[in-house]
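Reviewing the structure listed below.
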Amino acid sequence: MSSSNTAINILLFCLADSDAEQLVTHCRRGGRIAHTFGIDTGEKLAAAICDSDWDVLIFDAEQSQLDIQRCCHILRKYHKDIPVIYVGEGDALQPPDPDVVDMINKYNMAQIVNAAFKAQSALGVRRELATTKTALSEAEERNQLLLNDHQDPIAYITDGMVIYANTPFCEQMGYDDLDGFPIVDLITNKDQERFKNVLKKQRQHNEHQQFEISFFLSNRSEFKTHIVCDSAHYEGEDCIQISIVKPSDKDKSNGVDNTTRMSSKHQFLTLLQEFIENERNSDSSLILMSVDHFSKLRHSTSLIDVELLIEALSNRVRTNLPAQHYGRVADDMIAAIAHHVSSDTALEMAMELVKAIESEIFEVRKQSLQCTASIAVMPINHLTPPKASLLLDTAFDGAEKIYHAGGNNAEICRRDRQQLDRNTAPDDVITESMNNNRLSLLFQPLVNLGASSGDHYEATLNINDWVEGEITAGEMLRAIEREPENTQLDHWIVVEATKQLAKERLAGQDLKLIINLSGNVFHDPEFCSWLSVAFKAAGLPPSSVILQFSEESIADALKPALDFATHLQKLGSSLAVRNFGRAQKGNKFLSHIRPALVKPGYRAADMPTDEQIRDMVQHAKTLNSQIVIPNVSSAATLAMLWQLGPDFIQGSYVNEPMPSMNYEFAAFG
């Protein structure tokens with residue numbers, strides 16, 4: 001949810017429905033659309049402020065069972081800057097809490113609305129000021145870096161071009177001036193694609209990155225070095241700062257473990273992260289060897305002897321485990337990245353290493369030492385978590401389990417299923433669910449009571465093995481809208497849904513599929529073009545797919561939604577609206593969207609009256625939209641609906657959602 005000059009998002013605490021309607025009306029008269037949401041407990045307040053952004057909270061002191069101080073305490077607890085308007089008849093001269101910006105008599109609705117508009121404007125100024133302060137702080141840090149480290153070679157990059165390079169950078173490259181020079185022309189051919197990926201990641205995530213790369217100098221010789229990548233500003237323009245790291249003699253051995261001559265833990269993590277980002281789909285393996293009873297071994301001999309044993313073991317690892325990268329990641333642990341080596345093959349290699357270590361007698365300074373090892377093998381593929389540290393920690397847990405089960409063994413370890421936390425960043429939740437194959441689609445049939453052609457299904461997101469306390473599929477779709485640029489989940493849903501639809505239509509059935517998506521696609525100008533390609537790849541006519549969005553998502557991004565609906569119509573597909581009529585803010589804007597289908601926002605526990613359903617059906621007709629009535633659970637409900645004239649019905653009386661589209665429509669009767 002986002003604020004604009006024509007919209008205001010208002011949280012209503014214990015405000016009566018009649019007062020809420022007056023409020024919406026006065027806001028409309030003031031030239032703004034009010035997006036309102038009513039709550040009446042502290043728990044609901046906490047959930048609402050975590051789920052969406054609000055411009056103002058109106059607190060009805062007469063109706064509330066919660067005191068205003070407790071209400072404001074909840075806002076502060078969750079670090080939410082939401083101005084509070086206290087509505088009541090109190091005579092106190094001072095506001096009852098610092099977060100209260102105004103105290104108004106509840107019967108003066110015009111004054112309440114004016115106060116809300118004023119609070120929204122002040123909040124907008126505060127938010128802009130915070131953004132400006134952050135940008136200023138970043139600029140000051142960059143300036144300080146330039147002052148402190150001005151001798152380091154530094155360049156600023158934007159859109160792939162060097163917009164400024166200081167003298168040390170130019171001298172290092174062998175040029176007098178590099179301004180306006182394409183940065184990729186300085187990178188060796190073998191590193192160009194990797195460098196482009198780094199720049200892309202920097203633009204998307206603003207993360208501090210350090211990595212090794214080879215430059216072409218002006219004489220075409222290669223210069224291999226470490227560079228640091230940061231997001232920056234140069235002369236008011238967003239750009240990427242590249243700094244060449246000049247290691248001192250003291251630092252030349254950094255990144256290498258002295259005993260094994262393998263990468264240190266930090267360096268290995270960097271290599272593993274880079275490998276995951278570039279070779280995630282290569283069917284490779286991470287192998288982690290842990291020395292059994294290392295603590296006991298350490299206490300029975302000297303530190304030097306233990307290090308000599310580790311050195312001997314590292315040589316054995318190199319012999320038995322041909323790999324691309326090796327690293328000593330702990331005193332008793334050596335890890336290897338085996339490129340294009342499947343986990344099954346890696347397990348065979350690991351078992352041979354286990355047997356070799358068990359049978360070998362290591363001669364260390366005239367001592368004969370023996371040991372065993374526990375080895376965990378982790379597959380590296382499309383299901384691998386995107387963070388190297390997470391993968392290494394999982395391998396460590398696997399080696400620990402093998403050790404506690406007796407050790408002297410090797411096993412393939414897979415990550416335990418993680419709880420999908422509703423409080424985690426939406427992007428992380430989706431990545432987590434995809435990595436663990438937690439997502440699937442369910443298909444629920446719609447029975448046609450009108451004259452529409454073809455059989456219809458609705459595709460909804462489903463979380464496999466869902467347990468109490470996890471985020472629900474519906475919450476996930478709503479949560480991702482807090483990150484409007486993230487359409488990863490929407491793309492996945494479309495690909496999976498059209499794949500299933502194409503498979504079913506091959507049998508000659510005239511099927512149409514309603515696909516539920518988030519409103520994020522409204523903000524993606526390339527989505528409809530991508531959709532056209534997806535239809536062609538699946539061999540589907542665009543008319544066989546209807547994309548469905550919540551009424552709230554459309555209302556919160558009306559202009560982008562209108563543009564999207566126009567492009568979708570040109571493509572030959574249709575748009576549908578779920579939660580139709582649930583918002584009390586009205587939906588006159590839907591006449592501009594012209595949805596092909598609307599679905600009222602009835603919950604399973606709702607029991608709408610005949611008159612309410614009749615009004616919904618009539619409202620849909622004024623929009624020239626077909627209407628589906630959900631949650632039909634009995635023959636009695638169906639008999640009543642026949643008289644009211646909806647186009648479709650859906651619910652348990654027809655069929656519950658199922659993992660495939662195999663409902664016998666002809667059998668319904």
Side-chain angles (χ1 to χ4, degrees), residues 1-13 27 30-37 45-46 48-59 68-69 71-86 94-104 111-147 156 158 202-208 230-241 423 425-427 479 481-486 523 556-560:
M1 200 176 281
S2 60
S3 300
S4 70
N5 293 330
T6 59
I8 182 168
N9 307 317
I10 306 177
L11 202 52
L12 307 176
F13 201 97
C27 285
R32 299 190 197 181
I33 299 171
H35 301 157
T36 62
F37 185 68
L45 172 62
I49 62 178
C50 290
D51 189 50
S52 303
D53 293 327
W54 301 97
D55 296 321
V56 65
L57 185 152
I58 296 179
F59 182 91
I68 185 66
Q69 288 81 7
C71 173
C72 294
H73 172 75
I74 292 172
L75 298 182
R76 288 189 287 271
K77 176 182 176 182
Y78 288 95
H79 306 290
K80 297 294 182 180
D81 181 8
I82 304 175
V84 178
I85 296 176
Y86 181 94
Q94 295 296 327
D97 191 276
D99 283 344
V100 174
V101 297
D102 220 331
M103 299 175 64
I104 302 173
Q111 188 179 352
I112 292 173
V113 169
N114 287 334
F117 288 174
K118 181 180 177 183
Q120 182 192 26
S121 299
L123 179 62
V125 170
R126 289 201 299 276
R127 287 174 175 168
E128 288 179 10
L129 180 60
T131 302
T132 303
K133 284 182 176 178
T134 300
L136 178 61
S137 176
E138 290 176 354
E140 288 174 345
E141 287 180 12
R142 299 288 169 233
N143 290 339
Q144 193 62 46
L145 176 65
L146 289 173
L147 289 172
Y156 291 100
T158 185
Q202 189 67 39
R203 285 193 297 269
Q204 292 175 343
H205 302 293
N206 296 329
E207 293 179 355
H208 175 87
D230 284 293
S231 297
H233 299 274
Y234 182 75
E235 293 187 349
E237 185 175 1
D238 289 341
C239 59
I240 296 172
Q241 176 184 294
N423 295 320
D427 185 40
E481 291 187 346
R482 300 204 299 268
E483 299 176 352
E485 294 182 356
N486 191 330
H523 306 283
D556 292 339
L558 186 53
K559 179 61 169 66

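Using a 4.0 Å cut-off between charged side-chain N and carboxylate O, Asp55 and Arg32 make no salt bridge.
Across Ile49 and Lys80, no two heavy atoms sit closer than the pair O-CE, 3.1 Å. Taking each heavy atom of Trp54 and Ala48 in turn, the nearest pair found is NE1-O, 3.1 Å. The two atoms that bring Gln69 and Arg76 nearest to each other are O-NH2, 4.3 Å, heavy atoms only. In terms of heavy-atom proximity, Asp230 sits nearest to Gln202 at C-NE2, 3.4 Å. In terms of heavy-atom proximity, Cys239 sits nearest to Tyr156 at SG-CD2, 3.6 Å. Between Cys72 and Val100 the shortest heavy-atom distance is SG-CG2, 4.3 Å.
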side-chain contact (heavy atoms from CB on, under 4.5 Å) assessment of Asp53 paired with Asn9: CA-CA 8 Å; Asp53 293 327; Asn9 307 317; 5.7 Å; no

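Separation of atoms CD1 (Ile74) and CG (Asp99) is listed at 12.0 Å; rounding is to 0.5 Å. Atoms CG and CZ, on Leu123 and Arg126 in that order, are 5.0 Å from each other to the nearest 0.5 Å. Of the inter-residue distances, the one linking Phe37 atom CZ with Asp51 atom CG reads 8.0 Å to the nearest 0.5 angstrom.
Residues forming a side-chain contact (heavy atoms from CB on, under 4.5 Å) with Glu483 (at least two apart in sequence, or on another chain): Ala425, Pro426, Asp427, Ile480, Asn486. With sequence neighbours excluded, no residue forms a side-chain contact (heavy atoms from CB on, under 4.5 Å) with Ala130. By the side-chain contact (heavy atoms from CB on, under 4.5 Å) test, Val101 pairs with Pro83, Ile85, Ala119, sequence neighbours left out.
Under the 4.5 Å side-chain criterion, counting only non-hydrogen atoms from C-beta, Val56 is not in contact with Gln120. Annotation: side chain of Thr158 is not in contact with side chain of Asp238 (no heavy-atom distance under 4.5 Å). Between Leu57 and Leu45 the shortest side-chain heavy-atom distance falls below 4.5 Å. Val84 has its side chain within reach of Ile68: a pair of non-hydrogen atoms, C-beta onward, lies under 4.5 Å apart. Cys27 places a side-chain heavy atom less than 4.5 Å from the side chain of Ile10.
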